[in-house]
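This one's a predicted model, so the numbers in the text were calculated from it and none came from an experiment. Counting convention: from 1, in listed order, for ligands and their atoms alike.
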Amino acid sequence: MNTVSSGVVMADYIAKWHREHINFSKLLDLLETQINLFHEDEHPNYELMLDIMYYLTHYPDQVHHPEEEVAFKRVVQKDSRMGPVVTDLTKQHQVIAENGKTLTEQLDAIVIDSMVTRQSIESSARTYIFHLRSHMNLEETALFPTASNILRVEDWAAVDAAIKSRQDPLFGEIVDKRYEALHQQIAREAECGCKE
Ligand SMILES: [Fe+2]
């Protein structure tokens, strides 16, 4: 494996995306816990839910998914039989981004006491959680193994050249101020091994 300028080892993009899926899953678990409180008429932490959604509509939607799509295109170039699954996954990236934006707007609205029904928030949240979990599962089972098998060093070099490296502001080495509370919550509840 060759090291590239960004410091990422080419063939390790799959490992990086896999690690990120685990991180996103932790956030979905936290979000689901809050939605369950919401459902029971308990007191959910809206700020926490908004922090989760702010992250999920920024890092995954604007960094992780576009990165994957660079590799997905390369996979189809090497094996056209992967076309349909790549088309599905790419569409799912758009749907997840749209659903995430809707849920974020609904959470914003409830925080300022604007007109939004509890049922619509719960429905949006459960749909969002289901879609993102299913989507990551499909990538892990139907795409990543093939990408690992058929992409060679020169393919990963092309992928790397097309990707703008950006730090993860929540799970990366430096936690963005915006995410400090969420980072601490993850450390407490999801046992991520992070320092509080
Ligand atoms: Fe992914």
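Here His65 fails the criterion, with no N, O or S atom under 2.8 Å of the Fe ion (ligand 1). For His135, every N, O or S atom stays at 2.8 Å or more from the Fe ion (ligand 1).
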Is there a side-chain hydrogen bond (donor to acceptor under 3.5 Å, both in side chains) between His64 and Glu68? Walk through the geometry before answering. CA-CA 6 Å; His64 174 97; Glu68 287 173 331; 2.6 Å; yes
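Between the side chains of Asp168 and Tyr55, at least one donor-acceptor pair of N or O atoms lies under 3.5 Å. With 3.5 Å as the limit, one finds a donor-acceptor pair spanning the side chains of His18 and Glu140.
The Fe ion (ligand 1) is closest to atom NE2 of His21 (considering only N, O or S atoms). Within Glu139, the N/O/S atom positioned nearest the Fe ion (ligand 1) carries the name OE1. When the Fe ion (ligand 1) is compared with the N/O/S atoms of Glu68, atom OE2 turns out nearest.
Ring-centre distance between His21 and Phe144: below the 6.0 Å cut-off.
Here Leu138 contributes atom CG and Leu89 contributes atom CG; the two are 4.5 Å apart, rounded to the nearest 0.5 Å.
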